[in-house]
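See structure below.
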Amino acid sequence: QGIDSHIVIIGCGIAGIGAAQKLTKDGFKNIKIIEATGRNGGRIKTTTFGNVIVEIGANWIHGPSKANPVFQLACEHGLLDAQAMSKENQALDVGGHPSFQSSFYSSSGKKLTPDLTEPVSQLFLTLLEKSREFFQTEKEPYPSVGEFLKKEIAKHVVEWKDDAETKKLKLALLTMMLKLECCVNGTHSMDLVGLGAFGGYKTLPGLDCTFPGGYEGLIDAMMKGLPEGIVSYNNPVKCVHWNGSFRGANSPEQTFPVMVECENGETVAANHVIVTVPLGYLKEHYETLIKPPLPLSKVHSIQRMGFGTNNKIFLEFEEPFWEPDCEVINLIWEDETPLADVKPDVNQFWMKKIFGFTVLHPPERYGHVLCGWIAGHESEYMETLSDTEVKNSMTEVIRKFSGNPSITPKRILQSKWHSDPYTKGSYSYVAVGCSRSDIENIVQPLPLQETDTKPLQVLFAGEATHWSFYSTTHGALLSGWREADRLITHYTQSP
Ligand code: 6YU
């Protein structure tokens with residue numbers, strides 16, 4: 001009975017592909033993926049930049065080791081280099097904070113020395129670890145991670161014995177670290193990230209690694225294991241009608257509880273639908289995407305959970321201005337401090353939100369390419385600017401920080417995740433006021449009553465639905481597997 005049931009998966013990102021993979025393996029025959037765009041992979045997106053390939057979306061495998069299914073699949077398909085697969089790499093546990101070889105440049109063109117940067121970096125990491133300790137204790141002293149970090153920083157500052165100039169630089173450095181953390185968490189400000197839930201995100205051992213041939217190679221490999229023609233492309237879903245009695249186009253004698261209506265008028269009847277659209281899309285469309293409307297418990301959780309923007313700016317140079325072993329260039333704006341409550345002028349000073357640049361390694365493969373990182377409203381504003389405007393601002397910034405007035409990037413490419421109509425941002429975070437129960441609310445299949453005669457009509461997967469690995473590719477994949485398993489278990493347990 002199960003293998004004949006009709007299952008529609010909305011979205012062909014890694015969650016949707018993962019769900020299809022598991023169901024197909026278990027013998028389910030009538031699976032269809034409906035994808036709004038013309039490509040597979042969603043937020044896993046590799047493209048060319050001049051002569052090299054770059055990642056527009058997901059960059060690393062976070063925690064590449066045994067328990068990470070993305071790592072396992074990448075190994076099975078031979079997509080990683082020997083170092084990433086080595087036992088030593090898998091055993092390294094850096095708690096989600098790989099220590100890159102970093103250079104710190106200040107806005108007056110000076111390079112900061114390790115005797116200043118190292119203790120400050122260490123302090124920030126210690127405070128970040130402390131932020132995780134409030135997980136499920138209900139004893140968090142402040143609602144957000146940002147407020148907690150700033151209050152802790154203020155306590156430390158009074159004990160600093162440095163001269164005024166050094167103190168100022170240290171505070172500027174801490175501001176940069178908060179911006180970096182905004183990128184990691186995909187949020188405008190750490191003041192929006194809930195302190196009580198922060199420790200719920202789990203890291204896995206293994207030193208983060210990349211795909212030498214591109215992250216999308218994993219998607220291609222996974223797609224090869226699915227039946228041909230399983231995906232309907234360029235076909236945005238308009239509405240999922242559930243709790244009904246719909247006739248199928250190819251089986252008019254049969255009725256189905258769910259009917260997927262596409263923007264182009266096509267309808268697909270199904271027994272089960274797995275929705276894997278990004279939370280950003282869901283936030284904007286939940287009122288029209290699901291009918292009858294979602295129960296209020298789900299609506300409130302969708303509204304409360306955080307989904308922000310983290311973008312990349314790729315810059316190519318004729319020659320490097322950084323040292324050969326440098327992996328990250330951090331930008332320290334000397335006038336900034338985390339202790340002042342200033343409202344930034346986003347339009348004029350958006351570029352000040354860039355925490356820095358990662359260097360694409362090795363140069364033999366990438367040439368001299370930097371990837372700038374920018375989160376939040378400034379990042380969303382950047383998306384409205386032309387490539388020339390962004391290139392001009394970047395040239396100014398690089399010249400200022402390097403102290404070299406003639407450097408000009410050759411080429412530029414920026415990601416635009418906020419204006420992507422089918423994503424509306426980058427990834428999710430657990431916002432102030434949210435807890436595990438919000439993710440559980442979003443995950444709960446419709447109808448909510450398990451005793452309903454037609455259970456599991458609409459199921460929910462995707463990155464934002466994984467409690468401990470949200471915001472990652474492995475979280476997304478596991479969520480797709482979870483919903484496939486839910487259906488498999490349902491049919492194996494039903495008489
Ligand atoms: C990771 C990384 N990484 C950088 C950037 C981004 C992301 N992530 P998808 O969106 O893929 O698929 C849904 C599909 O649905 C899509 O194809 C749509 O077109 C389609 N759709 C929508 N509406 C539809 C409709 N109406 N009809 C039909 N189809 C529709 N993850 O592991 N390593 O380095 C990064 C990064 C710039 C944008 C990332 C990274 C996140 C992943 O990319 C993402 O989770 C998954 O790809 C999502 O897959 P999916 O299938 O769910 O959705 C404490 C604490 C800290 C918390 N964070 C720490 C970890 C940091 C996270 N890492 C981020 C960093 C980078 C750099």
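Numbering of ligands and ligand atoms starts at 1, following listing order. Note that the structure is a prediction, hence the values are computed from the model and not measured.
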| Are Ser415 and ligand 1 in contact, using a heavy-atom cut-off of under 4.0 Å? | no
| message | Tell me the nearest of Gly425, Gly57, Ser471 to atom 8 (N) of ligand 1, using heavy-atom distances. | response | Ser471
| request: Report yes if some N/O of Ile14 lies less than 3.5 Å from some N/O of ligand 1; otherwise report no. | output: yes
| query | Does a salt bridge link Glu147 with Lys150, judged by any charged N lying under 4.0 Å from a carboxylate O? | reply | no
| query | Has Thr203 got any heavy atom lying under 4.0 angstrom from an atom of ligand 1? | reply | no
| message | I need the contact type for Thr423 against ligand 1. Using non-hydrogen atoms and a strict under-4.0 Å cut-off, is it side chain, backbone, both or neither? | response | neither
| message | Are any of the N/O atoms on Tyr281, whether in the backbone or the side chain, positioned under 3.5 angstrom from an N/O atom of ligand 1? | response | yes
| Would you find a donor on one side and an acceptor on the other, under 3.5 Å apart, between the side chain of Arg304 and the backbone of Ala431? | no
| task | Just do the side chain to side chain donor-acceptor pair (under 3.5 Å) check on Glu261 and His241 with the steps written out, would you? | result | CA-CA 8 Å; Glu261 180 193 353; His241 302 267; 2.7 Å; yes
| Nearest candidate to atom 45 (O) of ligand 1, where distance is taken over non-hydrogen atoms, out of Lys202, Glu463, His466 | Glu463
| Is any N or O atom of Ser426, backbone or side chain, closer than 3.5 Å to an N or O atom of ligand 1? | no
| request: List the closest protein heavy-atom neighbour of atom 37 (C) of ligand 1: residue, atom name, distance to the nearest 0.1 Å. | output: Asn310 O, 3.5 Å
Run the side-chain donor-acceptor check on residues 192-210: report pairs under 3.5 Å with partners two or more places apart or on a different chain.
from   : atom 1 : to     : atom 2 : distance (Å)
Lys202 : NZ     : Gly199 : O      : 2.7
Asp208 : OD1    : Gly63  : N      : 3.1
Asp208 : OD2    : His62  : ND1    : 2.9

| From His418 NE2 over to Ser379 OG, what is the distance, rounded to the nearest 0.5 angstrom? | 9.5 Å
| said: Tell me the protein heavy atom at minimum distance from atom 30 (C) of ligand 1, and give that distance in Å. | reply: Ala36 CB, 3.6 Å
| field | Contact check, side chains of Cys12 and Met223, non-hydrogen atoms, under 4.5 Å | value | yes
| message | For atom 53 (O) of ligand 1, what's the nearest protein heavy-atom neighbour? Residue, atom name and distance, please. | response | Arg43 NH2, 3.0 Å
| Are Asn311 and Gln414 close enough that a side-chain donor and a side-chain acceptor fall under 3.5 Å? | no
| note | for atom 12 (O) of ligand 1, nearest protein heavy atom and its distance come out as Gly13 CA, 3.4 Å
| field | Any Val275 side-chain heavy atom under 4.5 Å of Tyr281 side chain | value | no
| Distance filter under 4.0 Å to Gly42 heavy atoms, resulting ligand 1 atoms | 11 (O), 16 (C), 17 (O)
| So which pairs with a foot in residues 280-291 pass salt bridge (Lys or Arg N to Asp or Glu O under 4.0 Å), sequence neighbours left out? | Glu284-Lys424
| request: May I ask which of Tyr201, Tyr422, Phe198 has a heavy atom nearer to atom 59 (C) of ligand 1 than the others do? | output: Tyr201
| field | For atom 51 (O) of ligand 1, the protein heavy atom that lies nearest, with its residue and separation | value | Ala15 N, 3.0 Å
| task | Could you find the nearest protein heavy atom to atom 27 (N) of ligand 1 and give me its residue, atom name and distance? | result | Val237 N, 2.9 Å
| note | In terms of heavy-atom contacts, Ala476 and Ile14 come closest through CB-CG2, 3.5 Å
| task | Pick whichever of Thr187, Asn234, Thr473 has a heavy atom sitting closest to atom 31 (N) of ligand 1. | result | Thr473
| query | Of the protein's non-hydrogen atoms, which lies at the shortest distance from atom 40 (C) of ligand 1, and what is that distance? | reply | Ala58 CB, 3.6 Å
| field | Side-chain donor-acceptor pair present, Tyr286, Gln303, cut-off under 3.5 Å | value | yes
| request: Look at ligand 1 and say whether Lys238 reaches it with a heavy atom at a distance under 4.0 Å. | output: no
| note | Closest non-hydrogen contact found for Ala84 with Asn89 is O-ND2, 3.7 Å
| remark: Taking only non-hydrogen atoms of Pro236 and a 4.0 Å limit, the atoms of ligand 1 in range are 27 (N)
| query | Can you check whether Asn59 has an N/O within less than 3.5 Å of an N/O in ligand 1? | reply | yes
| message | Below a 4.0 angstrom heavy-atom separation, can you tell me which part of His62, side chain or backbone, both or neither, approaches ligand 1? | response | side chain
| request: Can you figure out which of Tyr429, Tyr233, Phe135, Tyr427 has its heavy atom closest to atom 6 (C) of ligand 1? | output: Tyr427
| request: Report, in ascending order of atom number, the atoms of ligand 1 lying under 4.0 Å from any heavy atom of Trp417. | output: 37 (C), 38 (C)
| query | Got a salt bridge between Lys130 and Glu133, using NZ or NE/NH1/NH2 to carboxylate O under 4.0 Å? | reply | no
| Should we count CD of Gln83 as having more than 12 external heavy atoms under 6.0 Å? | no
| request: Could you tell me which atoms of ligand 1, counted from 1 in the order shown, lie closer than 4.0 angstrom to a heavy atom of Ile44? | output: 47 (O)
| query | What atoms in ligand 1 come closer than 4.0 Å to a heavy atom of Val184? | reply | 58 (N), 59 (C), 61 (C), 62 (C)
| request: Answer with side chain, backbone, both or neither: which part of Ile34 has a heavy atom less than 4.0 angstrom from an atom of ligand 1? | output: backbone
| task | Would you indicate whether the side-chain heavy atoms of Met177 and Leu149 approach each other to under 4.5 Å? | result | no
| field | His377 and His188 aromatic ring geometry - parallel, tilted or perpendicular at 30°/60° bounds | value | parallel
| task | Would you mind running through ligand 1 and noting each atom that sits below 4.0 Å from a heavy atom of Ala476? | result | 48 (C), 49 (O), 50 (P), 52 (O)
| Which residue holds the protein heavy atom closest to atom 21 (N) of ligand 1, what is that atom called, and what is the gap in Å? | Val277 CG1, 4.0 Å
| said: How close do Asn234 and Gly38 get, counting heavy atoms only, and between which atoms? | reply: OD1-N, 3.1 Å
| Row check, Phe460 ring normal vs Lys298 NZ/CZ: under 6.0 Å, within 45° | yes
| Numbering the atoms of ligand 1 from 1, which are under 4.0 Å from a heavy atom of Thr472? | 1 (C), 31 (N), 32 (O), 45 (O)
| message | For His285, which part has a heavy atom under 4.0 Å from ligand 1: side chain, backbone, both, or neither? | response | neither
| request: Within a distance under 4.0 Å of any heavy atom of Gly41, pick out the atoms of ligand 1 and give their elements. | output: 11 (O)
